[in-house]
Amino acid sequence: MLVAESPSGEVAGYTLGRPGECDIAPYDSELVALHVRKEFQGQGTGEALVRAMARELYQTGCRSMMLWVLEQNPARAFYQRLGGELIGEKQTHLGEGDVSVQEVAYGWPEIETLFAVEAK
């Protein structure tokens, strides 16, 4: 887990990643969660968190990264802007299984492209 702080020391957002086998081969790491507080959105916090997590996962030996996001989530455009490729979709059941949602997967087959862009 990585946490971003505001200049005043508040938690601005966090990301959670994990190395290991993923739902879609050959991806070897997953961005499990990304949350940025509303007042810090649109300021580069989310992008910095994704890039930092990619770097952390790369340092553990991971060479690719993927994530699942709800199909209706407007954050899909954010992942596309970061170079994420649409790599899959699945139906997920929430709670006791009575609510079904569609998720889509984005992937970076070469995780280092996330921090190579950072240097530009």
Side-chain angles (χ1 to χ4, degrees):
M1 174 180 272
L2 299 174
V3 176
E5 289 185 7
S6 72
S8 64
E10 298 175 88
V11 173
Y14 72 89
T15 187
L16 178 63
R18 67 170 185 82
E21 191 175 314
C22 294
D23 292 346
I24 299 176
Y27 292 88
D28 62 5
S29 70
E30 183 175 0
L31 185 69
V32 179
L34 173 66
H35 297 282
V36 176
R37 289 177 47 192
K38 193 152 194 81
E39 61 266 33
F40 297 106
Q41 292 177 4
Q43 300 174 26
T45 304
E47 183 174 338
L49 283 166
V50 170
R51 293 185 192 288
M53 181 55 71
R55 193 179 320 103
E56 288 288 321
L57 291 166
Y58 186 83
Q59 290 172 354
T60 68
C62 298
R63 295 299 174 255
S64 58
M65 184 176 77
M66 64 156 297
L67 62 86
W68 289 101
V69 63
L70 292 175
E71 184 179 49
Q72 299 299 318
N73 190 330
R76 290 181 62 184
F78 168 77
Y79 298 121
Q80 291 169 353
R81 261 193 338 274
L82 290 179
E85 301 171 9
L86 188 60
I87 58 171
E89 58 183 63
K90 68 180 178 180
Q91 201 72 19
T92 301
H93 299 281
L94 304 176
E96 298 293 317
D98 37 343
V99 176
S100 182
V101 295
Q102 184 73 17
E103 290 185 284
V104 294
Y106 285 94
W108 292 264
E110 297 174 356
I111 198 171
E112 67 271 15
T113 60
L114 278 164
F115 39 96
V117 173
E118 182 181 45
K120 292 181 181 177

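FYI, the numbering just counts along the sequence from 1.
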(Q) Would you call the rings of H35 and Y14 parallel, tilted or perpendicular, taking 30° and 60° as the class edges? (A) tilted

Q) Which pairs, with at least one residue in residues 19-29 and sequence neighbours excluded, count as a side chain to side chain donor-acceptor pair (under 3.5 Å)? A)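 Residue pairs passing side chain to side chain donor-acceptor pair (under 3.5 Å), neighbours aside: D23-W68, D23-K90, D28-S64.
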
Any non-hydrogen side-chain atom of [X] less than 4.5 Å from a side-chain atom of [Y]?
{"X": "L70", "Y": "Q102", "result": "no"}
{"X": "M66", "Y": "I87", "result": "yes"}
{"X": "L57", "Y": "M65", "result": "yes"}

Q.
Show me the pairs that pass salt bridge (charged side-chain N to carboxylate O under 4.0 Å, His left out) and involve residues 70-88, at least two apart or across chains.
A. none

Q. Do any pairs count as a salt bridge (charged side-chain N to carboxylate O under 4.0 Å, His left out) and have a residue in residues 6-18, sequence neighbours left out, and if so which ones?
A. E10-R37, R18-E30

(Q) Could you check whether Q80 and Y106, counting side-chain N and O atoms only, form a donor-acceptor pair closer than 3.5 Å? (A)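 The answer is yes; a qualifying pair exists.
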
Q. Measuring from R55:CZ to F115:CZ, what's the distance to the nearest 0.5 Å?
A.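 Between atom CZ of R55 and atom CZ of F115 there are 7.0 Å.
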
Q. Between atom OH of Y79 and atom CG of L86, what is the distance when rounded to the nearest 0.5 Å?
A.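 Output value for this atom pair is 13.5 Å.
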
Q: May I ask whether L67 and L82 are part of the same hydrophobic cluster, defined by side-chain heavy atoms of I, L, V, M, F, W, Y residues being less than 4.5 angstrom apart, directly or through others?
A: yes

Q: State plainly whether one hydrophobic cluster holds both V3 and V32, where clusters connect Ile, Leu, Val, Met, Phe, Trp and Tyr through side-chain heavy atoms under 4.5 angstrom apart.
A: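 Yes, it is one cluster - the side chains of V3 and V32 are joined through contacts under 4.5 Å.
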
Q: Would you indicate whether Q59, at its atom CD, is surrounded by more than 12 heavy atoms from other residues, nucleotides or ligands within a distance under 6.0 Å?
A: yes

